[in-house]
Each structure stands twice: as C-alpha cells, then as structure tokens.
Amino acid sequence: MARQALPPFDERSNNPWCDGLNAQQTEAVLHRDGPLLVVAGPGSGKTRVVTYRIAQLLSAGVRPSQILALTFTNKAADEMKRRVATLVPEAAVTIGTFHRFCVLLLRRYARLVGLTETFSIFDADDTLQLCREILKQNPKYSLSTTPSELLHRISHVKSKGILASEFSSRHADQGDFVLEALYPEYQQNLLRCNAADFDDLLLHVATILRSSPDLRRDLDSRYRYIMVDEYQDTNVVQYAIVRALSVDHPNLAATGDPDQSIYGWRGADIRNILEFEKDYPSAKVVRLEQNYRSTPNILKVADGLIAHNRFRKPKLLFTETSAGAPVSLTVFQDHFAEADGVSERIIQTLHAGASAREFAILYRASHQSRILEQSLRRRGIPYQIVRGTSFFQRKEVKDVLAYLQLIQNERHDLCFLRILNIPRRGLGHVAQRRLQNFAEQQVLSLLAASGDTELHRQLSKPAAKSMARMHDWIRNLQSTPSQGVGPLVRRIVEESGYLDQLRGSNVPEEVERAENLEELIGDAVEFDLQHPDGGLDGFLERIALINDVDAWDPTSERVTLMTLHAAKGLEFPRVFVVGIEHDLLPHRRSQDDEMQLEEERRLLFVGITRAEQELYLSFARQRMQNGSMRTTIASQFLLEIPRESVLCHDASVSVGPADRESFEEELWDGHDEICLDHDGDGDEECAEDDSALDTYVPIVRPAPPRDTEPPRTKIEPAARLDPPSLSGPDRAIQEAELRLGSTVVHPDYGPGKLIRITGQPPRRSVTVQFALAGSAQTFIWELSPLRPSRAANVAEPPDPRRG
DNA sequence: CTGAGGGCTGTTTTT
DNA sequence: CAGCCCTCAG
C-alpha cells in the first residue's frame, strides 16, 4: 500500500478545502493515508479540520460508508454531522458517539456475548437498582459497601477493560472480596435480564473484536478511515476498539488536547493520546496552536493557569486578535450575591445591546444551577439549562418507559418490578416476594413467572387474579402487531388505568404527572413521524443514549447554564465561571491526588477557553453546604492566573470600603513566588520538541517552595494550607523505601512498581504500575494503603499461603 | 396492602 | 438539605 505523497504546493492552494486554512490545518486536511494525530489547542479550528478532511477524502474518491467518525457526546456528533452536511450534502458517513456506534454493532452481534438483539440498555437508575437488589440478596456484604459505591467500583473496573470472569481470577487473592463476589453476580444479573449497562456497550464490543478475528478483519476493512475526536478522553476499552479497527487499514486520525482531558474519573486514559506515536510509529503529528476564538487576555489567563500543571508538555498558544477587555475576577459575599451579580451583569450587557444567547454560566457541580436559576428567573432573563434530570427521568415517564422496555425485552426484570404495582393493582411486598422466589426456583423471567398458575396458587385470591390479569394484558401488548410507538404508548397509559388514576387525583402534583404522560404520548407520535422505521428499539435507544445536552439549542435567545464538563467543545462570546472555591473547584474529592487536582485545573482551563470576548470569574466568601452557611476559601487556581490580565472587584460586604482596593493584594499578596515559580526553570519546559508526544509527560519539577510564614490575609489560599502531617513509626520506613522502580503492594490492586514520585514528604504523589491490573494509578503516598514490598519480582502475584 | 413519618446517609463530573 | 429506606399504624 503506497503512501500517497503530498500534493505539490500549487495544488494545495487550488484545493477548495484549503481556503482560509493555516499551514498546519492544511497539512491535516490533506493527509490521506496512514495514522494522523492532530494535537489541537482550544479554539484552534479542530472541528473544521476534521470536517474538511472528511470532505477532502470524499472528493478524493473514498466511499462515504468507509468513513467512521467517533465522538464522545451526541452534541459533538450532531455538530460534526451538520458541518459535514454543509460541505458534502447527503454523504452517508457514519458519525456518532462511541456508545451509539457500539450499540449498532452489538445489536447485530449480541449473540456472541450472550445477549439477544433486543437487549436493553440499563441506565444509571437501573444499574443502581440492580446493585441495591444484589446487596439485599447478599446481606453479608451490605455492611462493607453501599449500592452507589458498588456501582461506581464496578463501572471503574469495567472502564479498565476487566471482565467479570477475569476479575475473579486476577484478584482472587488480593483481598477485594466484595467486588470479587459481586461483580460477577452483577454481570450475571445483567445477562439474565438480557441487558447491558453503558460500560458493557463498549466492553462487549471490545470483547467481540478480540475473540472473533474474522469479524474484526471485516469491520477493519469496512471502516477504512476512522476519526476519533477528543482522543485524550478515550479509556482503554475505547482504545482497544479503535485499535482493533485500524490494524489492516491504519488510517486512524485522532484529534485531541491533553490539556482538555477531564474525564479521568470515568477511566479516560491520557496515555492513549500520549503514546499514539508508539502505537502507530508512522504517524504524522500536526499541531494546531493558533487560537481563533479568544482574546489575548483570556488566552493569557488560560495559559497561565494550565502552566501550573506539572504533568504536561507546555504548548504554545497564540492568537492574532486584539487584546480585548481584561478578565474580570469578582468576590461576592455569598452564593446568592454571586448569582445576583451575574444576573445584574447580564442585564446591563443586554441593555447595551447584547443578546442572551451570547452568555454562558458555567459551574462545577450541577446543583449550583438552582440558585442561579432563581436569580435569573426573578429578573426575567430567559435561560436554558443543561441539567441532569430530564423529562425522561421523571417517575411517571420512567414508569411508562418500563412497560415499553418490558415489551421489547421480556427478561427486563427490573422493569417488571417497577410496574408490578403501577398503577396500583393490589400487588404489594408479599406478592412481589412470592413472585421473585418462584421465578428464582423455576428459572423464569418475572414476566413469565407472573403468568404461571402454580404461582397463582401460592398467592391470595385477589392477588392471583390481579397478577394473571396483568400478565395477560402485557402478553397481549407484546403480540399486537406494531402500529408505531405512539399508539402503543397511548394504549399502555390508557388501558393500564395509570392516566385515569393520576387524572382523578386531587393532588396537583399528580395532575401534572398526567400531563407529562400526555406529553410522552406526543413525543412518541412525533418519533413515529420522524423515524418511520425507528420502531420500539429505536425509540428506547434514543432515550437511553441521548441526554439533555442534546436538547440544548444554541440558537435560542437564552442564557445557557451548564456544568464545566458539559461545556467542552462549545464557545460563547461572554462566559461566567462561578464558584471558584477550594473544595468546589478543585472539588473536595480531587484534592488528595495530584493527578486529580491537575484534572480540576484542566476543567477550569476548559471553562476559561470557552470564552471569546468576555470572561468573568467569581467566587463567594460564604456558601451553603449541607444546609448551613460556611465560609469558603478562595481556590488556589485563582492565585495561578496572571495578575496583570485580570481586573479584581470586591463585591462582598464583609470588607469595608477602605479595604476594597486591597482585595487584589488579599488574594495575591505574598504569593508571587508561587505564581512565578514556573518561570524559573523555563528553558527546559519550553524547549521546542516537535517530534515525540511522549515527552508531554512527565516533566517532573521540584515542588513549588512552600511558605513557612503564616498568611497575612483573610482569604486563605488553599495552596498554603498545610497538609496533614504524617505521624507514627511508619514514617522512617516509608521514606527509606520510596525509590523509583521499587515494589509496593496495594490491598486491592496487588503489587506494582513505582514509576513516578513527585512532591515532598508530607504529601508525596506516587504513580504505581500494577502488575496484575495492568494499569497505573496515582496516590498520595502518605494517605494511601500502599506498603513497601520485599518481593523483587512484581510479575508474580504474591503467594497468599506465604503471606 | 397502603401511606405517612422518622431516621439515616451522602454529597462531582456523564455515555 | 434531600432522598431513600424502613417501620409502624390503619
């Protein structure tokens, strides 16, 4: 397979796909065969490059069906589709999220992993419910974990690509008995319900690709040109999938930005992008560093902040736009005042002629939206919120969806349990327990068991009658030929009596629920119109995989509220980032681990770089936490942004007018050495290095000098808070043993090698490459359960009989 | 079997 | 503070 040479220069300039592109963008667009990595800073025209390249490939004769573009969010996929459609109308290129693409494959090859093609997708609620059930049935573990923790840990393990079968054998001797017992049980339950959770969608596909070489080869050849967006956010499972599809035809184009990696908590492995060149030695690497989005001031703030990440390769970001307004940094008295301050600022700007759609308010945690909403509503500012609970999460809607899922997949026992007594039919705890026991004994699905006359004999007369009736009714729904989803939803809602029950209530809340059910019918009818061949599967899949970000309408004349995570990939003329406080951003749960702390910093970096013209940063001196007002601490990140690019305002009342101008000093005073620290050893970090990405990480520098002087100021910068000191006899041992390459043991992950050590004794951050799990993790040594090991060879698991 | 009320817990980000 | 689970009375 000859690699195509680049076209001569004049051909480039004549190429319609290169109009208005800079040299690097052009290079990426014209790249045809072979692996390509585009490292793209924020606002550098990445999406443009990807879509132009697709157009370029098509015009060079590549068939649309051979192109596959994978994104993380539906929003990104839709945007890409839209832009490709503008360039090349009606090109049937496959563009979608990883999850959706995997569902597509899995529907076809479900049998290979023990599912049928009508398998259900369990959402967060379902999986949590399942974990509850599992703990209920395994009471001996219910003290050592909670359902949500169990769920979280299973998901974590899955995102590392570890199957239930592998987990038990790998970890049998490692002491994680809870997961060892319950992960396989969880998985069996999914299988019994003919269901997959979100992680499974990926994991099953990866498994299929690994275990079916012929199929892998076919798919590899079918998808000749693969593009992966946000490659820094791929986890090992996604990596395995992409890798498997680009063996024979390694025309893989990955785009991403390590500085925008914000999904580490979900198992994203930044090494995927860092080691791209190792995986594909012939890869071409293109860097897009010119920013077309933000003003220099905004960019300076972003750059100054992200420069504080130590595990990073510095990157040049530049722009040619004019300076623009300084970035605003405001402290408010409390979160109410902050919300009001933001609203007032919006009002003023609206009066000056701005339009509401230009604004975005970004925050760390979704619950922060509530106060903001109230404030905006009071002033009549139109807003749209990208929030966690959607229409489809409402109880009554989920109830009806449960009927639909049960009809689609009669083994969906969770759905059956959910609707057993909805609407009320006199089937309570007793009937439920007998049903479950019976189904267990006879190895039947709950639906099948509910129709069994043997079970009916075990129930009270009214219960038996009610259950038989319900069973027959659902069977009838199942066997009725499909007239579309709309009529089906209507039948369920009406024939079950659910709608009547709600309508007849005098509780206003229930009447509203009835209205929601009407709306659901409407939604289903509309779905039928828009997707004549969609069917029940399509309807349910859309609900399972689409979230609220997709309902976000960028053209609507409203202020956008969303989390920092949801904001990735978007841009707005005017951006507010609120609540930049210690324990919130960085989040409390991210502070013990340097890697997680860096991820929080990247999160703020992402937020900052959404702004085109105006950026407003703020925090509150007090905030409601667990029902009580607490005094907050300014985020350490605020100390890290370049002082000369921001304009500080003190809008809080705790400081008298005389002190107002000193707010800036209050924040920064005595911290210049922290802010400036990284300029000292600049030549190494700023050294040009065009080739290898692997030098991105790690640049291990000495930790910033820690001040011994007590802070003089009222706002306590978190960076100065002393870490808890280590006490006890372990200390000497721990310090002596801590060396690169030495072996340590973790109670859960087993033995591993120290591959990175940073920081100073009270709080050293160590990264351990685990031999058994095959993955690396970073810990604060002093706080972790890691212990030095005498074993020289980590390849061999320690023998428990000896230990 | 149902509904109300008390106690407990947990508390980020998302496909 | 909120949401969930369990208990208890009807």
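Below, each value reflects all heavy atoms present in this structure, side chains not excepted, and no hydrogens, waters or symmetry copies. Small disclaimer: the values here were computed from a predicted structure and weren't measured. Letters A, B, ... are given to chains in the order of the sequence lines, protein chains preceding strands, and every chain is numbered from 1.
- Atom-to-atom, CG of A:L420 to C1' of B:dC1 comes out at 12 Å; the value is rounded to the nearest Å.
- The side chain of A:S148 lies closest to B:dT11 when the candidates are B:dC1, B:dT12, B:dT11.
- In this structure, the CZ atom of A:R623 is 14 Å from the C1' atom of B:dT11, given to the nearest Å.
- A donor-acceptor pair shorter than 3.5 Å cannot be found between the side chains of A:S120 and A:Q405.
- If you take CD1 of A:I422 and C1' of B:dC1, they are 15 Å apart, rounded to a whole angstrom.
- Across all strands shown, A:N421 has heavy atoms under 4.0 Å from sugar-phosphate atoms exclusively, and none from any base.
- In this structure, A:L561 atom CG and B:dT13 atom C1' are separated by 16 Å, rounded to whole Å.
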Handout entry: Stepwise side chain to side chain contact (heavy atoms under 4.5 Å, CB included) check, A:R378 with A:D340
Key = CA-CA 10 Å; A:R378 259 201 311 277; A:D340 288 341; 3.1 Å; yes
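- Residue A:N74 has no polar side-chain atom (N or O) positioned under 4.0 Å from OP1 or OP2 of B:dT14.
- Of the residues near DNA chain B, A:R424 and A:W265, the one whose nearest nucleotide (by heavy atom distance) lies more toward the 5' end is A:R424.
- Annotation: C:dC5 and B:dT12 have their C1' atoms spaced 24 Å apart (nearest Å).
- A:Y263 comes within 4.0 angstrom of the backbone, heavy atoms only, and of no base.
- Atom-to-atom, CG of A:D123 to P of B:dT14 comes out at 15 Å; the value is rounded to the nearest Å.
- Closest approach to the A:R266 side chain among B:dT14, B:dT12, B:dC1 is made by B:dT14 (side chain taken as heavy atoms from C-beta onward).
- Ring geometry, A:H156 versus A:H152: the interplanar angle falls under 30°, so the pair is classed parallel (tilted spans 30 to 60°).
- Between A:R132 and A:R370, the residue anchored nearer the 5' end of DNA chain C, judged by the nucleotide with its closest heavy atom, is A:R370.
- Heavy-atom distances to DNA chain B give each of A:D199 and A:S590 a nearest nucleotide, and the one nearer the 5′ end belongs to A:S590.
- Between A:T563 and B:dT12 there is no side-chain N or O to OP1 or OP2 distance below 4.0 Å.
- Classified by interplanar angle (parallel below 30°, tilted 30° to 60°, perpendicular above 60°), the ring pair A:W265/A:H565 is perpendicular.
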Exercise for the section: For the pair A:F605 and A:H308, evaluate side chain to side chain contact (heavy atoms under 4.5 Å, CB included) and give the outcome as yes or no after the intermediate values. Expected result: CA-CA 11 Å; A:F605 175 80; A:H308 285 73; over 6 Å; no
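- Going from atom CD of A:E149 over to atom P of B:dG10 covers 9 Å, rounded to whole Å.
- Atom NE2 in A:H429 sits roughly 10 Å away from atom P in C:dT7 (whole-Å rounding).
- Here B:dT12 is the nucleotide among B:dT14, B:dC1, B:dT12 with the atom lying nearest to any side-chain atom of A:A365.
- The nearest whole Å value for the distance from the CG atom in A:D233 to the P atom in B:dT13 is 17 Å.
- We find that the ring of A:H565 and the base of B:dT13 do not stack by the test of centres under 5.5 angstrom and planes tilted less than 30°.
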